[in-house]
There are 2 protein chains.
Amino acid sequence: MTFSSFGRDMNLTMEVICRELFLHNRESIKIQKEETAVRNLVKILDAALRLCNEKGFASMSLRDLSREADLSLGAMYSYFSSKDDLLRLMQGQCRSMVLRALESGIEGFYDPRMRLRRLIQAHLYSSEILQPWFYMSYMETRSFPKDEYSLAIEAELFTEKTLVDIMLEGQASGLFKPVNAGLLGAVTKAMLQDWYLKRWKYSKRKITVQNYCDFVLDFIESYLLFTAEA
Amino acid sequence: MTFSSFGRDMNLTMEVICRELFLHNRESIKIQKEETAVRNLVKILDAALRLCNEKGFASMSLRDLSREADLSLGAMYSYFSSKDDLLRLMQGQCRSMVLRALESGIEGFYDPRMRLRRLIQAHLYSSEILQPWFYMSYMETRSFPKDEYSLAIEAELFTEKTLVDIMLEGQASGLFKPVNAGLLGAVTKAMLQDWYLKRWKYSKRKITVQNYCDFVLDFIESYLLFTAEA
DNA sequence: CTTTTTAGAACGAGCGTTCGTTTTTATTTT
DNA sequence: AAAATAAAAACGAACGCTCGTTCTAAAAAG
């Protein structure tokens, strides 16, 4: 699975995300016409993610957002009922789409080594495309309202558990070495997260998601696989 | 080097940090008597770090801080001249003491394998003791005032470069395998950071800093060292 | 003309910061 | 040893400003 084939298969564009968001929230969104709504939701979400990445959700004022999205305060309140509601909209839609991408990444694969590769690829590629959302989710989790907080933690632990389960499968079938799978899963998650948390560093060094992915896979597999290599 | 021996050698207690802080900032601090000043600085910094970890620096109001530190607003302003100044005080003092701890960790060691071990230990142990400060620094860096931002980035890159340099030394001397040292340094930093960023997760799983440290060292050395093992 | 969408002034709450006052501590005088 | 005074530290109401949110009127669309 290459990054560009992943990009083609999953459709993680803002346009698509905002259209789904609109269709799933017609009751709460006060705008009727789909095209108008989608166009403005894209402007709002793009601007919100940009501002959240710069200064954080709490420090992003709705006046900043209004300026950046090129919509008045009143107009924006036709799309969400409060600042927290805006957060809920972004979280709900993006989380479900990323989860879908991860699941369909490993779907139909049964060899532990292949499943591990594909899960790591799917995670890195998703976060490459939706980096601002991943970054925002990571940095803001602690200040989310209670329900969103739980969902975010749950999602983090779910991905980690999936990693660990694949490792345990591989160990059970004698394919992987009996190393500490729990800790290996945890630090693998940390490496996956570093890709979207330190994007500035990796871009400056001209390291692509493909480079990073290959390295992480080699690093982990060297530790897990029995040495057939030199 | 064990965690407890490290704790004994470096003196990273709040009491010590605040006393140094006071002595280095006598001009700007409006309180004369050392004992009074140190006692209250400890209250202020402890409370500030606690609140910053809960809700972030921007969302911590000075009224919150005043309540938690059990000091009036006016009294607190005898110790710093603005909210940003409070940040600068915490950053300056803690950063220099952590840097000192890292440097004296590898001082006097010349074998690359030993240097790598000791640097990783010193980093994990420091962040175990000053976890709230490490966490705050990581999460708030992007919203620091310009000068503090640069210093924080510089410190992050310095630690990473030190890791990479040790790896390159080891490779040059034929002790380590010729893997991608730049990327290995980057993901090593990510693993070190995960220890203070996800403390809640590791405490819940009853994983100690010693466990984590041993695992990370084993993981990295397996990748770097030529296989003398099974 | 009716409906949908946008604009931006207005409001109360909470922010960082200031400052005149009170309380506590230390020193001097009786 | 007690009282008086001076110095140091702590207090918290008040100020100007920005925040999230509401609301009415204007503009645009059909």
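In what follows, chains carry the letters A, B, and so on, assigned in the order in which the sequence lines appear, proteins first and then strands, with residues in each chain numbered from 1.
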Report yes or no: is there a donor-acceptor pair, N or O only, under 3.5 Å between the side chain of Arg63(A) and the base of dG20(D)? yes

For dT6(C), does either OP1 or OP2 sit under 4.0 Å from a side-chain N or O belonging to Ser72(A)? no

Answer yes or no: is there a side-chain heavy-atom contact under 4.5 Å between Leu71(B) and Ser66(B)? no

Can you measure Leu62(B) atom CG to dC15(D) atom P for me and round it to whole angstrom units? 19 Å

To the nearest Å, give me how far apart CG (Leu41(A)) and P (dT5(C)) are. 12 Å

Within the 4.5 Å heavy-atom criterion, are Phe80(B) and Ile44(B) side-chain neighbours or not? yes

Any side-chain donor near an acceptor of the partner, Thr2(B) and Gln210(B), under 3.5 Å: no

Which atom pairs link the protein and nucleotides 7-9 of chain D when you take only N or O atoms and keep those under 3.5 Å?
unit_1, atom_1, unit_2, atom_2, d
dA9(D), OP1, Gln32(B), N, 3.1
dA9(D), OP1, Lys33(B), N, 3.1
dA9(D), OP2, Gln32(B), N, 2.9

Taking atom C1' of dG12(D) as reference, at what distance in whole Å does atom CG of Leu65(B) sit? 15 Å

Find the distance Ile44(A):CD1 to dT5(C):P and express it as a whole number of Å. 13 Å

Aromatic ring proximity, centroids under 6.0 angstrom, Phe144(B) and Tyr149(B): no

Please give, in whole Å, the distance from dT18(D) C1' to Arg67(A) CZ? 13 Å

Phe80(B) CZ to dT18(C) P: how many Å, rounded? 11 Å

Mapping Ser59(A) and Ser81(A) onto DNA chain D by nearest heavy atom, which one lands closer to the 5' end? Ser59(A)

Nucleotide dC19(D), atom C1' - distance to NZ of Lys55(A) in whole Å: 12 Å

Ring centers of Tyr135(B), Tyr196(B) separated by less than 6.0 Å: no

Taking any heavy-atom pair under 4.0 Å as a contact, classify Met60(B): base, sugar-phosphate, or nothing. sugar-phosphate

Does the distance from a Lys or Arg side-chain N to an Asp or Glu carboxylate O, for Asp165(B) and Lys161(B), drop under 4.0 Å? yes

Looking across every strand, which nucleic acid part, if any, lies under 4.0 Å from Ser82(B) by heavy atom: base, sugar-phosphate, or nothing? sugar-phosphate

Return the nearest nucleotide to the side chain of Leu73(B); candidates are dA13(D), dA9(C), dT6(C). dA13(D)

Roughly how far, to the nearest 0.5 Å, is the CG atom of Leu89(A) from the CG atom of Leu41(A)? 8.0 Å

Would you mind reading off the distance between Arg39(A) atom CZ and dA28(D) atom P, rounded to a whole angstrom? 14 Å

